[in-house]
Visitor: 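One structure follows; several queries about it will come next.
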Amino acid sequence: MSTEDLTTTSNFIRTIIDEHNASGRFGGRVHTRFPPEPNGYMHIGHAKSVCLNFGLAQDYGGKCNLRFDDTNPTKEEQEYVDSFIRDIEWLGFTWDGLYFASDYFGRLYEWAVELVKKELAYVDDLSAEEIREYRGTLTTPGKNSPYRDRSVAENLDLLERMKNGEFPDGSRVLRAKIDMTSPNITLRDPVMYRILHAEHHRTGSDWCIYPLYDWAHGQSDSIEGITHSICTLEFENNRPLYEWFLDQLDLYKPQQIEFARLELNYTITSKRRLLQLVQDGAVSGWDDPRMPTVSGMRRRGYTPAAIRNFIDLTGVSKANSTVDVGLLEFAVRDDLNNTAPRRMAVLDPLKVVIENYPEDKTEWVEVDNYPQFRDGVPEGLEAVRRVPFSREIYIERDDFMEEPAKKFFRLAPGREVRLMKAYLITCTEVIKDAGGAVTELRCTYDPATFGGNAPDGRRIKGTLHWVSAHHAAAAEVRLYDRLFAVEDPNNAPEGGDWIDNLNPGSLTIAAAMVEPLLAEAAPGERFQFLRHGYFAVDPDTGPDRVVFNLTVGLKDTWAKVQDQ
Ligand code: ATP
Ligand code: MG
């Protein structure tokens, strides 16, 4: 299946839009929005909503707004706004309008006054706890607040004084007057405004009452002329309230549509919990390559195309489910396989001296960058590079066994192996330190085997990657494993906390030797290290230090899962 086939795959949301287009409900318009709360960095779950909302707008020739739902000033920051903007652009999407719910604070207040005048809203003096008690439960109806029947005049006066800052935080709220016995608890006189004397990152100290989500969201959608307001399933019970406000105010009404959140195993997708990981120092920051944030995945080496592809593969559903994180890794590998050039990097170097090779000689061998394209590489890509070879090289420590196990075809005493594209070498001597650890190998090479082939056709089973010791660059290679050790990290272990699910081995650091071209690589560049996996250059790279992040290993674990 190609990406194009996937993006046009039908889903229940498209069916609804097609029906609206057929009936003319929105005059054929499609206008979606992505409404993040700027209280953390964008994560893979948000990426799903981004791909869905922007994707639908693209496919239907419509529009998509980016609107920050900034109604919670104590948790929101400009840094988070900036990160969402950067990440959405990086994923390849452009918004039609950029808005903030705070742009509408004035209009929301006027509409609140209108509802008070219509006797559809009132100021309540109950405490938060009392409000909770009065609300009732799923099985018991709620009861009316003693302040519910205040006069319009008194409510107008109190609301204005709330707005003017005359009352302390939490002392009063404005509530919609709907029905305290509704089977839908959301409709039991929901709170519209709370008092909060807090600096807002955009409106400063202009306001000391802030609208709640339900009061801000639908009206914001309506102001922007949104046609399809797509949100996750947990808002299903809020839809009647969304519509109630718009109906009472006689405003243009979008269609709210709910879909299932994206959940991944071994992964946390909650900004609140991701913030805790950052604050506790469990990760190096929001962009730690182990984080499921878009900035973390970018730093790790994931591509926008791979993320978009993955989101397409997960489909759009009405039923909650958990996706195997192996599918995401599959999409990354699938994309990098065709775009990341091969390189040689030795992660655990063991020195090999080729005793019969001239001391001052360097030969340059040609190595394929994209051996998978047998009929020539796509335009714009370089087919081969030249790699220096000399008397002293490094090979991977585990490519040698002093006493080779069965089926180990790599280097061993007396055995001949192929150095990729260079020569056949035979191990003649093993050098050890006082403790018995192997520190160096002595070998001889066969000068007649340049390119790695024996003229007499003798069969060589093992092929090793290598780097020339004199020419190689030292590099720090950060090897990542899953951040959490268990499938459902949200589930706290017995007697513990969810954070105890962290995988203690999620980062190991290797002091590698890499071929010289890699020393010039710029942050963000991606490569396949032969036999190891895909790696991206980390921004910690400086003039005298190259740092690589393991993006994903070579092994297709997803294929294995599918085969089961
Ligand atoms: P979080 O717990 O991470 O803060 P949220 O839903 O409260 O999640 P918002 O910033 O309010 O985060 O979300 C912005 C948009 O992204 C919303 O429309 C929300 O439904 C959507 N979204 C958030 N998480 C997911 C997810 N896991 N899968 C799909 N959509 C998501
Ligand atoms: Mg939220």
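Numbering of ligands and ligand atoms starts at 1, following listing order. All values below were derived from every heavy atom in this structure, side-chain atoms included, with hydrogens, water molecules and symmetry-related copies excluded.
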Visitor: Do we see a donor-acceptor contact under 3.5 Å between the side chains of Glu224 and Tyr104?
Guide: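 Present: a donor and an acceptor within the cut-off.
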
Visitor: Taking the six-membered ring of Tyr109, is the NZ or CZ of Lys163 close enough (under 6.0 Å from the centre) and on axis enough (within 45°)?
Guide: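 Satisfied, under 6.0 Å and within 45°.
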
Visitor: Side chain or backbone, does Arg261 bring an N or O within less than 3.5 Å of an N or O on ligand 1?
Guide: yes

Visitor: Has the side chain of Ser229 got a donor or acceptor atom that lies under 3.5 Å from a matching backbone atom of Gln256?
Guide: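 No, because the side chain of Ser229 does not come within donor-acceptor range (under 3.5 Å) of the backbone of Gln256.
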
Visitor: I need the contact type for Arg272 against ligand 1. Using non-hydrogen atoms and a strict under-4.0 Å cut-off, is it side chain, backbone, both or neither?
Guide: neither

Visitor: Could you tell me which atoms of ligand 1, counted from 1 in the order shown, lie closer than 4.0 angstrom to a heavy atom of Thr232?
Guide: 20 (O), 29 (C), 30 (N), 31 (C)

Visitor: Asn39 to ligand 1: N or O pair under 3.5 Å?
Guide: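 Among all N and O atoms of Asn39, none is under 3.5 Å from an N or O of ligand 1.
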
Visitor: Heavy atoms, side chains only, cut-off 4.5 Å: are Leu275 and Asn39 in contact?
Guide: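 No. Closest side-chain heavy atoms not under 4.5 Å.
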
Visitor: Taking only heavy atoms of Ser270, which atoms of ligand 1 are found under 4.0 Å from at least one of them?
Guide: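 Matching atoms, with element in brackets: 2 (O), 3 (O).
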
Visitor: Does the residue Arg273 have a heavy-atom contact with ligand 1, meaning some pair of atoms that are separated by less than 4.0 Å?
Guide: no

Visitor: Are the side chains of His200 and Asp206 in touch, meaning some heavy atoms are under 4.5 Å apart?
Guide: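 They are not in contact (no side-chain heavy atoms under 4.5 Å apart), so the answer is no.
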
Visitor: Answer with yes or no whether the side chains of Lys48 and Thr314 bring together a donor and an acceptor at under 3.5 Å.
Guide: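 A donor-acceptor contact under 3.5 Å links the two side chains.
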
Visitor: Could you tell me if the side chain of Phe34 sits less than 4.5 Å from the side chain of Arg67, heavy atoms only?
Guide: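 Of all side-chain heavy-atom pairs linking Phe34 with Arg67, none is under 4.5 Å.
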
Visitor: Counting heavy atoms only, which of Leu262, Thr269, Val316, Leu264 comes nearest to atom 27 (N) of ligand 1?
Guide: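 Answer by nearest heavy atom: Leu262.
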
Visitor: Can you confirm, on distance only, whether ligand 1 has an N/O atom lying under 3.5 Å from any N/O atom belonging to Arg33?
Guide: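 So ligand 1 has no N or O lying under 3.5 Å from an N or O of Arg33.
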
Visitor: I'd like to check which ligand 1 atoms, numbered from 1 as shown, lie under 4.0 Å from a non-hydrogen atom of Pro36.
Guide: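 With Pro36 as reference, the close atoms of ligand 1 come out as 10 (O), 14 (C).
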
Visitor: Is there a nitrogen or oxygen of Phe34 sitting under 3.5 Å from a nitrogen or oxygen of ligand 1?
Guide: no

Visitor: Using a 4.0 Å cutoff against the non-hydrogen atoms of His43, which atoms of ligand 1 qualify?
Guide: 3 (O), 24 (N)

Visitor: Can you list the ligand 1 atoms lying under 4.0 Å from a non-hydrogen atom of Phe259?
Guide: 29 (C), 30 (N)

Visitor: Please check whether Glu263 reaches ligand 1 - meaning an N/O of the residue sits under 3.5 Å from an N/O of the ligand, judged on distance alone.
Guide: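 The answer is no, given that Glu263 and ligand 1 share no N or O pair closer than 3.5 Å.
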
Visitor: Going by atom types only, do Thr186 and Asn237 share a side-chain donor-acceptor pair under 3.5 Å?
Guide: no

Visitor: For ligand 1, which atoms sit closer than 4.0 Å to a heavy atom of Pro35?
Guide: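 Those qualifying, in numeric order: 14 (C), 18 (O).
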
Visitor: Is the side chain of Thr339 donor-acceptor paired with the backbone N or O of Asp335 at a distance under 3.5 Å, no angle test?
Guide: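 Judged by distance alone, yes, a pair lies under 3.5 Å.
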
